[in-house]
Amino acid sequence: MLEHLLERINQEEFEVLSHDIKYALLEHRKWSHKIGMALVLRQPMHEQDFVADDAHSHCSFGRWMKHVLEDEQFHQQAFFNIDDVHQQLHDCAKVLLSHLAKRGEISPADLECFFQIQNEFVDMVLMIFEFSVIHKHQFDDTTKLMNRRTLDIVLTNEKHRMQRVIGSNCCIVLADIDKFKDFNDTYGHDVGDLVLAHTASLFRESIRRHDTVARFGGEEFLFMMPEMKLEEATQVIERIRLKLAESSIVHQGRELGVTASFGVTQLSPYYDIKDSIKCADLALYEAKRAGRNCTVILDVEELTKNIEVIDLANLDAKYVIQEFCLKAK
């Protein structure tokens, strides 16, 4: 599924992808046009990207495809399928050009095969192009992180994966910039935006490639960390918290410190996503109450061992915080 790319590449990479696909497809149209002209005018062709045994690797699209598939994040079935059909297209072209070189007749069946595969190839490439164009706009302008709508897609995909793979883990974390309103009130919204961009950049650079961090709303961010247990996620978040607290932004020659509070929990495959997020929100609330610039953990697995209700949304928040929220050490 192409949706998995949302978990792996950022806004700038989506923009590069859409630009490169458009350029590569336009170049391949020129390649196809040359074949058409050669067949009509009965002029043999000898260039490598037309007649070589590995002709598909010599054309502009083939070179771009090779570059793409060298990056593991694009190891998606859709890209492998395009690579396969692209090679089939070149193979069909070689058959036509072989007849042309021998001054033989062009088989209508071979020509029809070429046109059919070419149409299939173009449709597949356009599908990815349209996906990249649409989703490069699914990011927040200020932070360059994915927005809430895109995050919902990623969380849903991850929950479905956890339901398929028994025993898999995923942690989610809500983070909130401490006293963010003071930045806006004291220095203006431009500085508030600078704080958001600085925090988002630090968060993005501090997580693994297949983790996700998104702007959840306002000054809140949500992390998703697949295949990571609660203890491991807490250690990562603590490193991020300290890294942020040690950083600063510069405004009119003055350094301004930035801190954030964090609530860590698990994404449960058995409950609604909103319920798992509520657990992270309760942990975040306790982190704020505990003095800010700290991390609080709410173990959903431990929680569900001690309750008899299925709907986490109906739990008493005060009870959950008192009994199950623990401050990271």
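Residue numbers count from 1 along this sequence. Worth saying up front: this structure is predicted, and the values here are computed from it rather than measured.
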Any side-chain heavy-atom pair of I297 and C325 under 4.5 Å: no
Nearest 0.5 Å, what's the NZ-CD distance between K243 and E246? 10.0 Å
To the nearest 0.5 Å, how far apart are OG1 in T199 and CG in L244? 5.0 Å
Looking only at side-chain N and O atoms, does Q88 offer a donor or acceptor that is under 3.5 Å from a partner on D84? yes
With the side chain counted from C-beta on, respond yes when R208 and M228 share a heavy-atom pair under 4.5 Å apart, and no when they do not. yes
Within this structure, what is the CG-CZ distance for the pair L89 and F115, rounded to the nearest 0.5 Å? 11.0 Å
Less than 4.5 Å apart, side chain to side chain, heavy atoms only: is that true for T259 and R292? no
When you measure from the side chain of S268 to the backbone N and O of S276, does any donor-acceptor pair fall under 3.5 Å? no
Would you check if N169 and Q266 make a side-chain contact, meaning some heavy-atom pair closer than 4.5 Å? no
Main chain of K94, side chain of S98: is a donor-acceptor contact present, judged purely on distance under 3.5 Å? no
Side chain to side chain donor-acceptor pair (under 3.5 Å) evaluation trace for N147 with R215: CA-CA 6 Å; N147 60 27; R215 188 176 183 185; over 6 Å; no
Does the pair R161/E227 count as a salt bridge with the N-to-O cut at 4.0 Å? yes
Run the ring-centre check on H67 versus W64 and record whether the distance is less than 6.0 Å. no
Trace of the side chain to side chain donor-acceptor pair (under 3.5 Å) decision for S261 with D178: CA-CA 7 Å; S261 303; D178 295 328; 2.7 Å; yes
Side-chain heavy atoms of T156 within contact of H160, under 4.5 Å: yes
Test: R148 cationic atom under 6.0 Å from F216 six-membered ring centre, within 45° of axis: yes
Report the C-alpha separation of F80 and H75 in whole Å, then their side-chain angles, then the decisive distance to 0.1 Å, and conclude whether the ring pair (Phe, Tyr, Trp, His ring centres under 6.0 Å) test is met. CA-CA 7 Å; F80 289 123; H75 284 187; 5.5 Å; yes
May I ask you to check whether E112 and Q116 show a side-chain donor-acceptor distance below 3.5 Å? yes
Any donor-acceptor pair under 3.5 Å linking the side chain of K159 with the backbone of Y271? yes
Using modelled atom types only, decide if a donor and an acceptor are shared between the side chain of E232 and the backbone of K229 within a distance under 3.5 Å. yes
Could you point out which residue of Y23, W31, F121 forms a ring pair (Phe, Tyr, Trp, His ring centres under 6.0 Å) with F61? F121
Please report whether the ring centroid of H28 lies less than 6.0 Å from that of H56. no
Separation of L96 CG from D110 CG (nearest 0.5 Å): 6.0 Å
Atom pair CG (L194) and CZ (F183), whose distance is rounded to the nearest 0.5 Å: 9.5 Å
Donor-acceptor pair, distance only, cut-off 3.5 Å: does the side chain of T265 make one with the backbone of L298? yes
Close side-chain approach of V195 and E219, heavy atoms under 4.5 Å: no
Does the side chain of T143 come within less than 4.5 Å of F203's, by heavy atoms? no
Reported SG-to-CD distance for the pair C294 and E286, which is rounded to 0.5 angstrom: 8.0 Å
Does the R63 side chain pair with the main chain of H58, one donor and one acceptor, at a distance under 3.5 Å? yes
Is it true that, when you exclude E70 itself, more than 12 heavy atoms of the residues, nucleotides or ligands shown sit nearer than 6.0 Å to its CD? yes
